[in-house]
Colleague: 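So that we are looking at the same thing, I have put the structure below in structure tokens.
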Amino acid sequence: MKRRTFLRGTLASSAIMTAMGAGLLAPRTVLAAWPEGIMTAKDVAGATGGGAGEASASIKLDVPSIAENGAVVPVKVDATAMSGVESVSILVDSNGSPLAATFVLGADGVAFASTRCKVGKSGNMVGVVKAGGKTYHASKEVKVTVGGCGG
Amino acid sequence: MRVKAKAKGGVVDVKCLFKHPMETGSRKDKKTGQKIPAHFIQEILFEKNGKAAVTAYLNGSVSTNPLVHVKVKGNAGDTLKISWKDNKGESGAEEVTVR
């Protein structure tokens, strides 16, 4: 890795973490800065801003076990059983930049998020939930079959 | 953009379908061998009655023509405004009334 890009990456992610600590990454009425540091991070630890935390059975992660088309893989993260949820994120472990989407909840937000992701190759899909200052996750393996023969 | 917002038991199901290429920036054009520049939605803001309820930050790894489904506390008759912005500065917004 080039030293320059590495330094830039760490600087960006530390800036994001300080922003999170200061409560700047809360939902707001004006479209604001896109969290580039965690979005371009190359591993799960970087993309979650310090690790995926402990596994939790309260997070319901709904993904297909076999995806016939890796370009459109439906994902559903339901953490309505948890209280004090601040954000819900969807990560694809096998992608170059694992973080696919992160949903920051306001007062009226419900801990639920669903979308469709591109998944390059078979690997784990991770749903990460931040609640009460702690991080929890649930993960499930997805097999991407090219050609759609279900193997 | 197509939006469906339906209330049930104090919770509104908000389903949005965007028309967007969601180009990651790492794909190559087969003919020229050049990289296709990134072009994807970065931010979607869901506002209920003028107050931010959910902010979604997306990456290029969300599928083309993304479908985003969130839930917001609310009832029929509430106003929902959905605004989005992509990495090229393009943006859009739509306002719907919850059914």
Side-chain angles (χ1 to χ4, degrees), chain A residues 16 25-41 47 62 67 69-80 85-120 125, chain B residues 7-18 22-27 38 40-75 78 80-87 89-93 98:
Chain A
I16 292 290
L25 258 184
R28 41 189 146 184
T29 43
V30 188
L31 287 178
W34 182 68
E36 194 180 342
I38 53 172
M39 283 295 180
T40 51
D62 205 354
N69 182 0
V72 188
V73 180
V75 201
K76 200 189 279 175
V77 183
D78 188 340
T80 40
V85 176
E86 293 147 22
S87 75
V88 177
S89 307
I90 296 168
L91 288 93
V92 184
D93 207 350
S94 53
N95 281 358
S97 312
L99 189 60
T102 179
F103 297 78
V104 183
L105 308 181
D108 284 328
V110 176
F112 174 93
S114 171
T115 187
R116 299 190 291 217
C117 297
K118 292 173 199 148
V119 181
M125 304 279 280
Chain B
K8 199 184 171 189
V11 175
V12 185
D13 258 307
V14 190
K15 286 179 190 170
C16 313
L17 190 62
F18 299 85
M22 296 301 278
E23 205 56 71
T24 57
S26 53
R27 224 157 56 96
F40 57 93
I41 296 178
Q42 290 190 315
E43 249 180 277
I44 307 167
L45 174 69
F46 298 83
E47 281 168 288
K48 195 200 81 178
N49 297 339
K51 250 179 71 189
V54 178
T55 313
Y57 298 99
L58 306 191
N59 211 343
S61 52
V62 173
S63 299
T64 307
N65 296 333
L67 171 78
V68 177
H69 180 186
V70 295
K71 289 183 181 183
V72 171
K73 284 176 205 153
N75 295 298
D78 285 341
L80 259 175
K81 190 182 169 198
I82 294 123
S83 21
W84 61 270
K85 202 175 95 182
D86 71 17
N87 66 326
E90 288 169 32
S91 62
V98 177

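Throughout, a chain's letter reflects where its sequence line sits, starting with A, and its residues are numbered from 1.
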Colleague: Side chain, backbone, both or neither: which part of B:Phe40 has an atom under 4.5 Å from a heavy atom of chain A?
Modeller: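 Side chain only.
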Colleague: When only heavy atoms count and the cut-off is under 4.5 Å, which of residues 109-118 of chain A reach chain B?
Modeller: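 Answer by number: A:Gly109, A:Val110, A:Phe112, A:Ala113, A:Ser114, A:Thr115, A:Arg116, A:Cys117, A:Lys118.
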Colleague: Identify which part of A:Val88 has an atom lying under 4.5 Å from any heavy atom of chain B, answering side chain, backbone, both or neither.
Modeller: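 Neither part; nothing is under 4.5 Å.
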Colleague: Test your reading of the model: is there a side-chain donor-acceptor pair from A:Trp34 to the backbone of B:Leu58, 3.5 Å cut-off?
Modeller: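 Judged by distance alone, yes, a pair lies under 3.5 Å.
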Colleague: Do the charged groups of B:Lys48 and A:Asp108 touch, with an N to O distance under 4.0 Å?
Modeller: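 Yes, this pair counts.
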Colleague: For a 4.5 angstrom cut-off between non-hydrogen side-chain atoms, does A:Phe103 reach B:Thr55?
Modeller: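 Side-chain contact under 4.5 Å: no.
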Colleague: Can you tell which part of A:Val72 gets under 4.5 Å to a heavy atom of chain B, answering side chain, backbone, both or neither?
Modeller: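 The answer is both parts of A:Val72.
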Colleague: With a 4.5 angstrom heavy-atom cut-off, is it the side chain or the backbone of B:Ile41 that approaches chain A, or both, or neither?
Modeller: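 Interface part for B:Ile41: neither.
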Colleague: Applying a heavy-atom distance below 4.5 Å, give me the residues of residues 60-70 of chain B that approach chain A, sorted by number.
Modeller: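 Residues in range: B:Gly60, B:Ser61, B:Val62, B:Ser63, B:Thr64, B:Asn65, B:Leu67, B:Val68, B:His69, B:Val70.
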Colleague: Quick check: does any side chain N or O of B:Asn59 sit under 3.5 Å from a backbone N or O of A:Ala101, one acting as donor and the other as acceptor?
Modeller: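 No, B:Asn59 side chain to A:Ala101 backbone: no donor-acceptor pair under 3.5 Å.
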Colleague: Measure A:Ala100 against the heavy atoms of chain B and call it side chain, backbone, both or neither at under 4.5 Å.
Modeller: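 Backbone plus side chain of A:Ala100, per the 4.5 Å heavy-atom cut-off to chain B.
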